[in-house]
> 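After the C-alpha cells below, expect a handful of questions from me.
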Amino acid sequence: MKKITLLLVLVIIVMSFMLAGCSANPPVSEDKSDESASETSEDKITVGISFGSEQDANFVRFKNVLYQKAEELGYEVLYTNADGDITKQASDVKDLISQSPDAIIILPQDSLAIASSVKDCKEAGIPVIVSFRPIAEDAEHKPNVNVVADAYGQGYESMKATLNKMIEDGIEGSDIKTMIISGDAKDENSVLRVKGAKDALAEVGGKILLDIPTDWDPEKAKSGVSAAIQAYPEANAMFYAADVILDGGVAAMQAANVWKPYGEEGFKYYIATCDANNYVVNDYIPNGYVVSDTLFNVAGQATDSMIYVKKIVEDGEEYDYEVAPSDAPCYTIDNWDDEEMQALMIASHGEE
Amino acid sequence: MIQEYLSNLLVVSNWKTSSWKNKVNFLVLIGAIVIITILSLTIPRFFTLGNIINLFVQISTTGMLAIGMTFVLVTGGIDLSIASVMSLSGCVGAAVMVSTGNTFLGCIVMLLVGTVSGLVNGLAIAKAKMVPFIVTLSTMSIANGLVVWFTGGQTISNLPKTFTTRMGGFIGIIPVSAISIVIVAVIAGIVLSKTIFGRCLFSIGHNEEATRVSGISVESVKIAAYMISGFVGGLSAILLTARLSAAAASMVTDTTLMDAISAAVIGGASLKGGVGSIPGTIFGALFIAVLTNSMNLLNVSYYYSMLLKGAVIVLVIAVDRIRNNEL
C-alpha cells in the first residue's frame, strides 16, 4: 500500500507541474465557457512564433523584442521552442498551424530543413516570415518574407577588416596564421560565419592553423584557446564566431599573459569576432584588444519581422518572396564611436 | 496481441490476486488515460483533423525509435545511440540519394548504416561482455562525431522528389509515416510476443544464465536485438528525412532519445529487462506526443514544459523501480 501511495504522490507532483505550467501562461485560444474572453481573443491578431532554440542571449533578446512589439501592436503570441531539434521544430510549426494564427514567424534551426514547414504554412494559407537566418537559396519552398541576418557576411566582413589592418601593418598574407574558434558544428550560424572568415583568409593567402569547436561554451573556448596558444606560438590572428566565446578566449589569453592591446609591448593577436556586443565595441575595440566585430542586429530583425506581420495581416500587402536584410555593420577602431552605429548596437543588444 | 496486452492489464479486476507488476501497469495506464482525457477535453482545437494527423506524424518518429528500444530493453540492455544513429543513417543515405539520384539505394544505405551500427553495439555487448550503457553511449558519441564530420555541419537537401512525395506524403488523408508505424508496430508486436525469438528476448531479460543453460545462444539473440534497434533507427531515418525533405546532424537531439526511452517504459518495458510490449510502447509514444502537443496548444512556457518532461521522466523511472519491487 505504501508503494501505491508513493506512486500516487509522484503522479500528483507531475500533475501539479502541469497545472503550474498551464496557469503560468494561459491559452490564448477561445474558451467557450467564457464568452467575453473569447470575444477579446478572437478580435486580436494572433502570431505564431517558432524558435529553433533559445540557447543564448541573442535569442532571449530577440524573443523579448518580438513580445514587446506584439504588445505594442496589440497582437496575441503563440510561442514554441524546438530546443535545437529540427524535427521538433517541424512538429512545433504544425502545432501552431493547427491553432490557425494570422501569421507565423519562424527562427529556423536549419535554413534548408525549414522549407518543409514553410510549405506546410503556405498550404494552410498562413503567411510565414523566416527570420534570424537566411533561408537557403536552394530551399524548395520560400517564405513570404525572409528577414535576413547574413551569417556568412558577418564572418567575412569581420575577418576582412582584421586582415586589412594586418596588411596595413606590413604583414604579408602568407605570414598571417589564424586560429579559428568556432561555435557549434551543427549550428548553421557558426558554420557560415567560419566559412566567411575562411574565404576572407583564402583571398589574402592566409593560413588556418586550427579550428577549435566550442559548442558556444566559453569554458570550452577557454581550454581550447589555452592549449592552442601553447601548441601554435607562431599564430598571430584569431577569429571568434561570436562574442560569447571570445569571453572564454580572453580568459585563456589573460592566463597566458598574451591579452595585450594593439601597440603595447607583447601584443600578439589581431582578433576578429562577431555579434558586436556593447562591451566589445565600447571597451575592447577602442582599447585595441579587438580589431573588428560585426553586428548581429537582433532587435532590428525582431522588429522588422513583426512589422511585416502588420503589413501582411493588417495592411493587406502581399509578398511572394521578399528578402529584407538587416543592417550588419562592422565595428573597428575607425568607426566604433559613430553615433548611428552606436545607436544601432544599443537598439540591437540593449544598454547592457 | 493488443487483446493480450489489455487482458494482462485488466486482470486486476481481482485486485488482491493480481500480480504487483500488473497492478502498477494498470495504474500507469489509468493515470495516462486520465491525463490524455483531461488535456484533450480542455484544449480547444485538440480534436481537429489537422491536429490528430499532426499527432500521428509526431508519434511516428518517437514510436518507431521506442519500438527498437523495447527490443533492447526486454533483454535488460539499453540503446542510447539509437537517435544519433538515426541522424547518421539519414545523412549518409540522403547524400547517396543526392549523388546518385537513386531513392531505393539511398533507403537501403539508411537501413544498412542503422543495422551495422546495431551490429557493432551487439558485438561489443554480447561478445565482448561490455556494459550496454557505456557501449551505446560511446556509439552515440561516435555517430554524432561522424555525422558532423560527414556533413560538415551543413544540411543535405534537394532529395529526389519521388522520395519526399512518396515517403513524406499522404495516402488519402493519412500520412505515410502513420501507416508505416502501424505496419512496423504490428510486425514488431508479432515478433516480440508470438515467436520463439521473442520469447528468447524475454527469457534473457528474466535470467540470462538460465537461458544460456537451456541451450539458447544468448549472444546471437542479443546481437539480433541490437541489430533490430539499429534497423528501426534506419527505418525512422527514412521517414524523417522524407518528412523534412532534408537531412542534417541536428535532425534529432537528446530529447528524442529521452522520449523514446520514456515511451517504452511508460508502455510497460522495464529498465531491468524481461518485461515490455509493443502495444504498450505505442501507447507510451502516444502519451509523450499528446503531452508535447498539449504544451504547445496551451502555449505553456518552454521552461515549464521542460520541467514537466523532466518530472515525467523521474516518474517513469520511479514507476519502473516500484514495478520491480525495489522501492
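Within every chain, numbering begins at 1; the chains are lettered A, B, ... in the order of the sequence lines, protein sequences first and strands thereafter. The model shown is predicted, which means the values in this text are computed figures rather than measured ones. Note that these values count all heavy atoms, side chains included, but never hydrogens, waters or copies made by symmetry.
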> Measuring from A:Asn81:CG to B:Asn296:CG, what's the distance to the nearest 0.5 Å?
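The CG atom of B:Asn296 is 9.5 Å from CG of A:Asn81, to the nearest 0.5 Å.
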> Calculate, to the nearest 0.5 Å, the distance between atoms NZ and CG belonging to A:Lys94 and B:Asn293 respectively.
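Here the rounded value is 12.0 Å.
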> In this structure, are over 12 heavy atoms from other groups packed under 6.0 Å from A:Lys122 atom NZ?
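Atom NZ in A:Lys122 is crowded, with more than 12 foreign heavy atoms closer than 6.0 Å.
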> Is B:Leu244 in contact with chain A via its backbone, its side chain, both, or neither, using a 4.5 Å heavy-atom distance?
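Both backbone and side chain.
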> Hey, which of B:Ile53, B:Thr155, B:Leu49 has the most heavy atom pairs under 4.5 Å with chain A?
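Heavy-atom pairs under 4.5 Å are most numerous for B:Thr155.
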> Taking side-chain contact (heavy atoms from CB on, under 4.5 Å) as the criterion, tell me which of A:Ile97, A:Val93, A:Asp95 meets it with B:Asn54.
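Single pass found, and it is A:Asp95.
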> Please give me the minimum heavy-atom distance between A:Val191 and B:Gly152, naming the atom from each residue.
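Between these two residues, the closest heavy atoms are CG1-O, 3.9 Å.
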> Where on A:Leu192 is there a heavy atom nearer than 4.5 Å to chain B: the side chain, the backbone, both, or neither?
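A:Leu192 touches chain B through side-chain heavy atoms alone.
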> Is there a side-chain contact (heavy atoms from CB on, under 4.5 Å) between B:Leu240 and A:Thr87? Walk through the geometry before answering.
CA-CA 8 Å; B:Leu240 189 57; A:Thr87 305; 3.2 Å; yes
> Is it the case that more than 12 heavy atoms not belonging to A:Lys195 sit under 6.0 Å from its NZ atom?
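Open: at most 12 neighbouring heavy atoms sit under 6.0 Å from NZ of A:Lys195.
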> Determine the option with the most heavy-atom pairs under 4.5 angstrom with chain B, choosing from A:Ala124, A:Ser111, A:Ala185.
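Option with the top pair count is A:Ala185.
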> Do side-chain atoms of B:Asn299 reach the backbone of A:Val77 as a donor and acceptor pair under 3.5 angstrom?
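Answer holds: yes.
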> What closest approach, in Å, do A:Ser91 and B:Arg243 show between heavy atoms, and which atom pair accounts for it?
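Reported closest heavy-atom pair: OG-NH2, 2.8 Å.
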> Contact part of A:Ala115 toward chain B, heavy-atom cut-off under 4.5 Å: side chain, backbone, both or neither?
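For A:Ala115, neither part sits under 4.5 Å from chain B.
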> Under a 4.5 Å heavy-atom cutoff, which of B:Ser245, B:Ser250, B:Gly50, B:Ser294 has the most pairs with chain A?
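When all of B:Ser245, B:Ser250, B:Gly50, B:Ser294 are compared, B:Ser250 has the most.
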> Mind checking the CG-OG spacing from A:Asp110 to B:Ser157? Nearest 0.5 Å is all I need.
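Answer for the CG-OG pair, A:Asp110 versus B:Ser157, is 8.5 Å.
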> At a heavy-atom separation under 4.5 Å, does B:Val148 approach chain A through its side chain, its backbone, both, or neither?
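Answer is side chain: those atoms of B:Val148 sit under 4.5 Å from chain A.
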> What's the separation between atom NZ in A:Lys88 and atom OG1 in B:Thr61, rounded to the nearest 0.5 Å?
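Between A:Lys88 NZ and B:Thr61 OG1, I get 13.0 Å after rounding to 0.5 Å.
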> Just by distance, with hydrogens left out, do A:Asp83 and B:Thr253 show a side-chain donor and acceptor under 3.5 Å apart?
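No - no donor-acceptor pair under 3.5 Å links their side chains.
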> Can you tell me if CZ on B:Phe56 sees more than 12 non-hydrogen neighbours from other groups inside 6.0 Å?
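No.
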> Which atoms of A:Glu54 are under 4.5 Å from chain B, going by heavy atoms: the side chain, the backbone, both sets, or neither?
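For A:Glu54, the contact with chain B is made by the side chain alone.
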